[in-house]
A.B. asks: 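Below: one structure in structure tokens.
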Amino acid sequence: MLQSEEDPVTVEKVDQVVVQLLLEFQNELPFHFVLDKVHKQLSDQLSVKRFLPTFNFLGNLLKTVPNVAQSLLTQYVPLLDLLCSALVYPDEVLKTSVVNVWLQLLRTSGDTGAQYLPIATRDRLCILLLQTLNSANSAQLIKNCA
């Protein structure tokens with residue numbers, strides 16, 4: 001739904017409703033279902049650009065339901081790798097959203113969040129964030145990277 005809808009207001013409403021529903025469940029099974037679907041969608045698509053609403057949703061989910069961060073860090077390493085890969089896409093709006101996901105992910109998992117990342121993923125993320133900051137033109141992307 002997030003990928004196929006063109007109207008940003010509708011996408012934002014769907015995003016809010018799904019996050020609220022997941023918050024109400026207070027059960028890990030729906031979170032795993034959603035994370036599995038996000039991972040599958042990202043894996044099956046060639047064009048990263050279409051996933052801006054999905055990245056926005058993921059960032060909002062992590063901000064609203066902090067316990068999802070721990071599961072994502074420890075059980076969804078391939079999804080984390082896809083989040084890294086999205087940082088090489090040339091669209092700054094998309095990069096801003098992906099950097100926001102990383103911020104929420106690491107912020108909500110506490111001071112030890114980066115320790116849960118596999119070393120290769122952590123090193124790749126650091127390099128990509130530095131490259132993104134170096135080439136950033138938009139104020140929001142620079143702010144998020146810094």
A.B. asks: How long is the straight-line distance from CD of Gln131 back to NZ of Lys95, given to the nearest 0.5 Å?
C.D. replies: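 Here the interatomic distance stands at 8.5 Å.
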A.B. asks: With the side chain counted from C-beta on, respond yes when Leu58 and Leu35 share a heavy-atom pair under 4.5 Å apart, and no when they do not.
C.D. replies: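 A side-chain contact under 4.5 Å exists here.
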A.B. asks: For Asn100, which residues count as a side chain to side chain contact (heavy atoms under 4.5 Å, CB included) partner, sequence neighbours excluded?
C.D. replies: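 If we apply the side chain to side chain contact (heavy atoms under 4.5 Å, CB included) test to Asn100, skipping adjacent residues, the hits are Gln104, Asn144.
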A.B. asks: I'd like to check the side chain to side chain contact (heavy atoms under 4.5 Å, CB included) partners of Ile142; sequence neighbours left out, ordered by chain and number.
C.D. replies: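 Ile142: side chain to side chain contact (heavy atoms under 4.5 Å, CB included) contacts with Leu133, Ala136.
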A.B. asks: Identify whether Ile127 and Val88 are in the same connected component of the hydrophobic contact network (ILVMFWY, side-chain heavy atoms under 4.5 Å).
C.D. replies: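 In one cluster: no.
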A.B. asks: Under the 3.5 angstrom rule, does the side chain of Glu92 hit a backbone N or O of Asn137 as a donor-acceptor pair?
C.D. replies: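 Present.
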A.B. asks: Can a donor-acceptor pair be found, under 3.5 Å and without considering hydrogens, that links the side chain of Thr96 to the backbone of Gln140?
C.D. replies: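 Not a single qualifying donor-acceptor pair exists.
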A.B. asks: Among all residues two or more places apart in sequence or in another chain, which pass the side chain to side chain contact (heavy atoms under 4.5 Å, CB included) test with Asp36?
C.D. replies: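 With sequence neighbours excluded, Asp36 shows a side chain to side chain contact (heavy atoms under 4.5 Å, CB included) to Tyr76, given in chain and number order.
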A.B. asks: Tell me whether Thr132 contacts the main-chain N or O of Leu128 through its side chain, where contact means a donor paired with an acceptor under 3.5 Å.
C.D. replies: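 Here the side-chain-to-backbone pair exists.
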A.B. asks: Any link between Leu42 and Tyr89 through a network of hydrophobic side chains (Ile, Leu, Val, Met, Phe, Trp, Tyr) touching at under 4.5 Å?
C.D. replies: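 Yes, same cluster.
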A.B. asks: Taking the side chain as every heavy atom from C-beta outward, state whether Leu52 and Asp91 have any atom pair closer than 4.5 Å.
C.D. replies: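 They are not in side-chain contact.
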A.B. asks: Would you give the length of the straight line joining atom SG of Cys145 to atom CG of Leu129, rounded to the nearest 0.5 angstrom?
C.D. replies: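 Going from the SG atom of Cys145 to the CG atom of Leu129 covers 5.5 Å.
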